[in-house]
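A, B, ... follow the sequence lines: proteins, then strands. Residue 1 opens every chain.
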Amino acid sequence: MARSTQPVSTVPGLAAACVVAALILGTLAAVAFRAEAGHGFLFADWAALRFTLTQAILSSIISVVLAVPVARALSRRRFAGRRVLIALLGAPFILPVIVAILGLLQVFGRSGWISELLAQFGAPPIRIYGMHGVVLAHVFFNLPLATRLILQGWQEVPSERFRLAAQLGCEGRSLFRLIELPMLARIVPGVAAVIFAICLTSFAVALTLGGGPRATTVELAIYQAFTYDFDLGRAALLSGLQLVLTAAAAFTALKLSREGGFGAGLDRTIHRWDGGAPIVDAIWIILAAVFLLLPLSAVVMSGLEGLFTMPPVVFKAALISVAVAAASTAILLMLALPMAATIAVRRHGLVELSGILGLAASPLVIGTGLFIIIRPVADPTSLALPVTALVNATMALPFALRILVPAAQDTVLRHGRLALSLNMKGRVFFTRILIPRMRAQIGFAAGLSAALSMGDLGVIALFADPEFATLPLQIYRLMGAYKMQAAAGGALLLLVLSMTVFWILDRGGRWHVED
Amino acid sequence: MKHLLIAAGLLTATSAMAAEKPQLTVYTYDSFVSDWGPGPKAEEAFEAVCNCDLKLVGVEDGAALLSRIRLEGENSEADIVLGLDTNLIETAKKTGLFTPHAVEADYTLPIEWADDTFVPYDWGYFAFVHKAGVDAPSSFRELADSDRKILIQDPRSSTPGLGLLLWIKSAYGDEANDIWADLSDNIVTVTKGWSEAYGLFLDGEADMVLSYTTSPAYHLIAEEDDSKTTATFDEGHYMQIEVAAKLAGTNQSELADQFLNFMVSDAFQTIIPTTNWMYPSVTPVGGLPEGFNSLKVPAKALFFSPEEAVSARSEALPEWLEALSQ
């Protein structure tokens, strides 16, 4: 056997990638094999496909383009409340879809805050419904996430680079070209691909903000195929189409993203000497904060009253959600860490690809596929919570890899050769060097995953056991029972819980002292 | 060690005792099993008389419920499926998975009920809910000509959405697409499910929302709020009838029959109005709860038989898509 020239083995990562690929493709195959004669691809699906692609491309480009200046501003300014703002960037993403829709429309709707303000001046209400509404909603969900991921890129530039740049009087445009642009070229394509994949599977948001059947997405067609038409073949076909599109986006991103980091640094606190224009940065930060905080405060305000009308079962559901989130985060780390290490030593198509497919896989297909697979051996209902945790982990995997991979690459690049010369390999390198050096990223990834898992309805609705409802499911149930106020209270509880979990994990892993 | 053995013995004994009670598995939609739905109370009431264990399994909504049964096929765990509506009956029957019932009841439905397989347990009229004290249109035509804004649900993903599609089709037949075309500028948006639309309506996003004539009863009874009412349309109102049936593959046939009979008895029917917020299919001896009597009652009930509903849907859905995609 040839002696490995890499500090970590790629085998565990490959194995994890195989597990993920098997889950996504296996469930798809299970659905396809169970299909009876059906319709296949319909003409109406072309329209859905076109709309889905258009909104996903627009949403991901706009989110990323706006996220760059916001992240840049956040990376070079220090102000009171900065940490809170950065933590809140995770918030829109974790809200259950229905809560986010209601929050957004309380601000941007026909009778929303902005329209009411306009009415004071005799102006007509804003028209939010349409393609621009869909994109606005998707930017609301994804701009904060993109900002946070890109900000991470800025924080990973070794402090010495900025120090040297300052010494050489390198500022403004040349600093951007020499330090910031290479970093962006490495991070941004992957972030855009992830957002594209998220928007590709949008359904309720696209339909509601889109204003009607013009805003039909592929995911809606999948839902219809599953429920009213019971056309599993069509569902599997459409879901396969989503996977192919995402794979194409992921490959494009890989091609576009530039390799290589900034070399070793001494892990000093990052200091910035380049001023830039404080006013411009301030404007970006304020705009992003307002855009982010208005709908969130709508959610908080409608939730406050409801907090006191919430029945006790909601708190039980909250505990269950925390448990599911914990399990899901553990599974996520077991998958993501070896995969990130594998990608760090050698780029590997299968690993990269299965790392992003989790987002594009229709939850309905994964859920139904798992149901078909599990049923011959066990009662799916009794496995509702473990299955939810597993599926949530797969969905969080793409984000986790975006966070972990750059740091893992840097660590291998900086410390790999020295470690090899000291014969520190395999598990020793993994546990003594890689993991400790990635604490911050692991904390962030774990926090995001836990928060995502808390907020996601996931597959629980397909397997629901009346005794073990998660918090998002109970929120939906309260709404279904006309109890909108209590549901709003539940949504606020979910928001607070998720943010707390996110905050704890994210801060827990952070060793940079930024200010 | 000895204690452990005794404990283990006791555990097996208790689980064996529990296993002796026959179990009846009922698949239903999720809002039925929720803590605020009829499920918990119905379970308690049935278990008090059946000497059995009633297991309720919740599956999203009526359409997803039927898909689940088709997915599981002949070896489904379910003995009963509760929560399909008349628009799904025809498809359900064609699967051959359901078996006729022997239930006889004095239904208080606006139509004659004679189906040999499906037993109705509640019903309601679709209607647009609006704020009380505001003039409301009295027909689709008047609504379409007005500048009233409405919220509706997508017929491809929601039961009320499909109900509206069939309502307009049953009232206007071949002219249904004209009505939809004229309604398109009244529609604020189309939502995936009922909850989004109703939530947006309560937030003031539109003047009216598609729901049921019984919706104001919730606000009256649970919130003592009489600010919501429904618009009565001259064309008549389409009905939704929710039904249950026994699966042919059940191994608890007698218990399943007992459940279907229980379902049309007072013990079950009194639970329905204030948990499912629908009319019971057999009005209980004590009558309807206070609040239900003040609801608007349409003069005319519109209804497609299960067979008609299937062909009406396949005709009306493309019309709807075209009219609203302009």
Before accepting this row, confirm whether a basic side-chain N of the pair [X]/[Y] lies closer than 4.0 Å to the acidic partner's carboxylate O.
X: B/Arg313; Y: B/Glu90; value: no
X: A/Arg234; Y: A/Asp45; value: yes
X: B/Lys169; Y: B/Glu319; value: yes
X: A/Arg477; Y: B/Asp30; value: yes

Top contributor to chain B interface from [options] [non-hydrogen pairs under 4.5 Å]:
options: A/Leu209, A/Ile98, A/Thr368; value: A/Ile98
options: A/Leu102, A/Ile128, A/Asp229, A/Ile101; value: A/Leu102
options: A/Gly480, A/Ser111, A/Pro213, A/Ala221; value: A/Pro213
options: A/Gly211, A/Gly112, A/Ser302; value: A/Gly211
options: A/Leu220, A/Ile372, A/Thr227, A/Val313; value: A/Thr227
options: A/Leu232, A/Thr216, A/Asp379; value: A/Thr216

Name the option with the most non-hydrogen atom pairs under 4.5 Å to chain A; the candidates are [options].
options: B/Ser195, B/Gly37, B/Ser211, B/Gly39; value: B/Ser195
options: B/Leu202, B/Leu321, B/Val188, B/Asn276; value: B/Val188
options: B/Glu60, B/Arg156, B/Glu196; value: B/Arg156
options: B/Trp277, B/Trp194, B/Trp320; value: B/Trp194
options: B/Ser157, B/Ala64, B/Ser31; value: B/Ser157
options: B/Ser215, B/Gly199, B/Pro318; value: B/Ser215

Residue part contacting chain A, namely of [X], when any heavy atom lies under 4.5 Å:
X: B/Asp154; value: side chain
X: B/Ser184; value: neither
X: B/Ser158; value: backbone
X: B/Ile152; value: neither
X: B/Thr159; value: both
X: B/Asp61; value: side chain
X: B/Leu324; value: both
X: B/Ile69; value: neither

Rounded to the nearest 0.5 Å, how far does [atom2] of [Y] lie from [atom1] of [X]?
X: A/Trp113; Y: A/Glu116; atom1: CH2; atom2: CD; answer: 10.0 Å
X: B/Phe126; Y: B/Leu165; atom1: CZ; atom2: CG; answer: 11.0 Å
X: B/Trp180; Y: B/Glu322; atom1: CH2; atom2: CD; answer: 14.0 Å

task: With the side chain counted from C-beta on, respond yes when B/Glu223 and A/Tyr482 share a heavy-atom pair under 4.5 Å apart, and no when they do not.
output: no
query: Can you find a pair of side-chain heavy atoms, one from A/Val387 and one from A/Pro380, that are under 4.5 Å apart?
result: no
task: Determine yes or no for a side-chain-to-main-chain donor-acceptor pair under 3.5 angstrom, with B/His130 supplying the side chain and B/Ala206 the backbone.
output: no
field: Heavy-atom donor-acceptor pair, A/Gln55 side chain to A/Val134 backbone, under 3.5 Å
entry: no
Under 4.5 Å from a heavy atom of chain B, the part of [X] involved:
X: A/Arg110; result: both
X: A/Gln106; result: side chain
X: A/Pro125; result: neither

message: Please verify the inter-ring angle class for B/Tyr198 with B/His219; under 30° counts as parallel, over 60° as perpendicular, anything in between as tilted.
response: parallel
message: Using a 6.0 Å distance limit plus a 45 degree cone around the ring axis, check whether B/Lys149 lies over the aromatic ring of B/Phe201.
response: no
task: Using the ring of A/Phe371 (Phe, Tyr or Trp, six-membered ring only), decide whether B/Arg68 places NZ or CZ under 6.0 Å from its centre and within 45 degrees of its axis.
output: yes
